[in-house]
There are 2 protein chains.
Amino acid sequence: MSPAQPAPSPRPSVESPSLRATLSRAQAESTASLLRVVSDPTRLQILSLIRSSPEGASRVADLTRELGLRQPTVSHHLKVMAEAGVLTRRPAGREVWYGIEPARLDAIGDLLR
Amino acid sequence: MSPAQPAPSPRPSVESPSLRATLSRAQAESTASLLRVVSDPTRLQILSLIRSSPEGASRVADLTRELGLRQPTVSHHLKVMAEAGVLTRRPAGREVWYGIEPARLDAIGDLLR
DNA sequence: TCGTTACTTCGATCGTCATCAATATAGACG
DNA sequence: CGTCTATATTGATGACGATCGAAGTAACGA
């Protein structure tokens with residue numbers, strides 16, 4: 001078990017400027033790219049499926065079956081979200097378990113405040 | 001004054017399913033399309049500019065000048081955000097003032113919880 | 001070592017969308 | 001009515017990205 005992850009890798013840095021400050025173009029672009037990571041129906045379904053899974057994490061094959069998409073497609077989405085810090089990645093033998101990083105998800109939602 | 005708008009038109013309906021519930025494909029798509037509305041750097045800048053404006057609203061020409069983009073481009077973004085309920089639209093003579101609908105913006109951020 | 005299973009990477013395709021120029025609408029003012 | 005100004009609409013283009021099939025990598029078991 002050991003639910004403590006070994007650190008979610010070098011994070012892409014949130015900054016979390018929010019809309020209150022005057023947004024520079026660079027800030028606006030970085031905020032937009034972070035929002036775009038979760039602005040896809042398949043990715044939202046992945047997050048929802050992982051969240052509702054009993055283990056709090058899912059394997060690639062699980063998600064592939066539940067989504068009805070090809071496995072490379074699912075791996076692609078998982079990679080993008082893991083790189084954005086939204087998902088954690090934990091290899092176990094041949095399998096890889098993906099879990100949610102709730103703080104990161106909340107931070108993205110807070111970008112609109 | 002009378003800051004009460006005459007109702008922001010037939011709203012696209014939020015639903016706000018959040019990630020806690022198991023997301024159907026249709027729910028995931030509607031949530032994603034709402035998130036996509038604000039997942040653009042120019043739109044985030046528009047929101048930030050309006051928010052930081054003294055009147056709490058901006059005219060198309062104001063935003064066009066501040067963004068350094070063509071007027072039809074700005075009008076396009078304003079239309080999309082207004083249709084999504086994120087902006088209010090108030091014509092005044094030849095001019096049109098666009099303001100923020102904060103509750104709607106918060107609701108979008110809450111979709112990730 | 002061989003085959004099988006689980007996942008990742010690569011390359012191509014197709015649709016969506018941000019932006020533009022051109023044009024249309026519409027209010028203000030003479 | 002004409003003219004100027006402010007905004008909206010239309011149509012075209014270029015870029016990005018979701019998805020797929022094919023091929024690569026890696027772990028487990030016989």
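Basis for what follows: all heavy atoms, side chains included, without hydrogens, waters or symmetry-related copies. So that the names make sense, note that chain A is the first sequence line, chain B the second, and so on, each numbered from 1.
Under the 4.5 Å side-chain criterion, counting only non-hydrogen atoms from C-beta, L35(B) is in contact with L44(A). For the pair P17(A)/T31(A), a side-chain contact is recorded, criterion being any heavy-atom separation below 4.5 Å from C-beta on. For the pair I50(B) and L87(B), the minimum side-chain heavy-atom distance is below 4.5 Å. Side-chain contact between V86(A) and L34(A) is absent, with no heavy atoms from C-beta onward closer than 4.5 Å. Taking 4.5 Å as the limit, every side-chain heavy atom of I108(A) sits out of range of all side-chain heavy atoms of V37(A). Looking at heavy atoms from C-beta onward, Y98(A) lies in side-chain contact with V60(A) at the 4.5 angstrom threshold. Counting heavy atoms from C-beta outward, R59(B) and V96(B) have side chains that stay 4.5 Å or more apart.
Residue H76(A) has a polar side-chain atom (N or O) positioned under 4.0 Å from OP1 or OP2 of dA18(D). Within the 4.0 Å cut-off from OP1 or OP2 of dA8(D), not a single side-chain nitrogen or oxygen of K79(B) is found. Contact between the side-chain N/O atoms of Y98(B) and the OP1/OP2 oxygens of dA6(D) is not found at any separation under 4.0 Å. Taking only side-chain nitrogens and oxygens, R36(A) never comes nearer than 4.0 Å to OP1 or OP2 of dC17(C).
Here S53(B) pairs with nothing under the side-chain hydrogen bond (donor to acceptor under 3.5 Å, both in side chains) rule; sequence neighbours left out. A search for salt bridge (charged side-chain N to carboxylate O under 4.0 Å, His left out) contacts involving R65(B) returns D62(B), not counting sequence neighbours.
Nearest nucleotide to the H77(B) side chain, out of dT9(C), dA8(D), dA18(C): dA18(C). Checking dA8(D), dT19(C), dC7(C) against the side-chain heavy atoms of V96(B) singles out dA8(D) as nearest.
Rounded to whole Å, the distance from CD on E83(B) to C1' on dA8(D) is 12 Å. W97(B) has its CH2 atom 12 Å from the P atom of dA6(D), to the nearest Å. Remark: P of dT7(D) and CG of L67(B) are 13 Å apart, rounded to the nearest angstrom. Computed from coordinates, the E29(B) CD to dA18(D) P distance equals 14 Å when rounded to whole Å. One atom, CG of L78(B), and another, P of dC17(C), lie 18 Å apart when rounded to the nearest Å. The interatomic distance linking L69(A) (CG) with dC7(C) (C1') rounds to 16 Å, in whole Å. In this structure, the CE atom of M81(B) is 16 Å from the C1' atom of dA8(D), given to the nearest Å. Rounded to a whole Å, the CG atom of L35(B) is 13 Å from the P atom of dA18(D).
The list of side-chain hydrogen bond (donor to acceptor under 3.5 Å, both in side chains) pairs with a residue in residues 39-51 of chain B, not counting sequence neighbours, reads R25(A)-T42(B), R25(A)-Q45(B), S39(A)-S39(B), R43(B)-H77(B).
In terms of position on DNA chain C, the residue among E95(A) and T73(A) whose nearest nucleotide sits closer to the 5' end is E95(A). Both S75(B) and V80(A) sit near DNA chain D, but only S75(B) has its closest nucleotide nearer the 5' end.
Within residues 42-49 of chain A, the residues having any heavy atom under 4.0 Å from DNA chain D are, by residue number, T42(A), R43(A). Residues from residues 51-66 of chain B placing a heavy atom under 4.0 Å of any atom in DNA chain D, listed by number, are R59(B), V60(B), A61(B).
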Determine, for nucleotides 22-29 of chain D in 5'-to-3' order, which nucleotides have protein heavy atoms under 4.0 Å from the base (write B), from only the sugar-phosphate (write S), or from neither (write -).
B----BB-

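Atoms CZ and CD, from R90(A) and E95(A) in turn, are 9.5 Å apart once rounded to the nearest 0.5 Å.
Within a 6.0 Å radius of CZ in R113(B), other residues, nucleotides and ligands contribute more than 12 heavy atoms.
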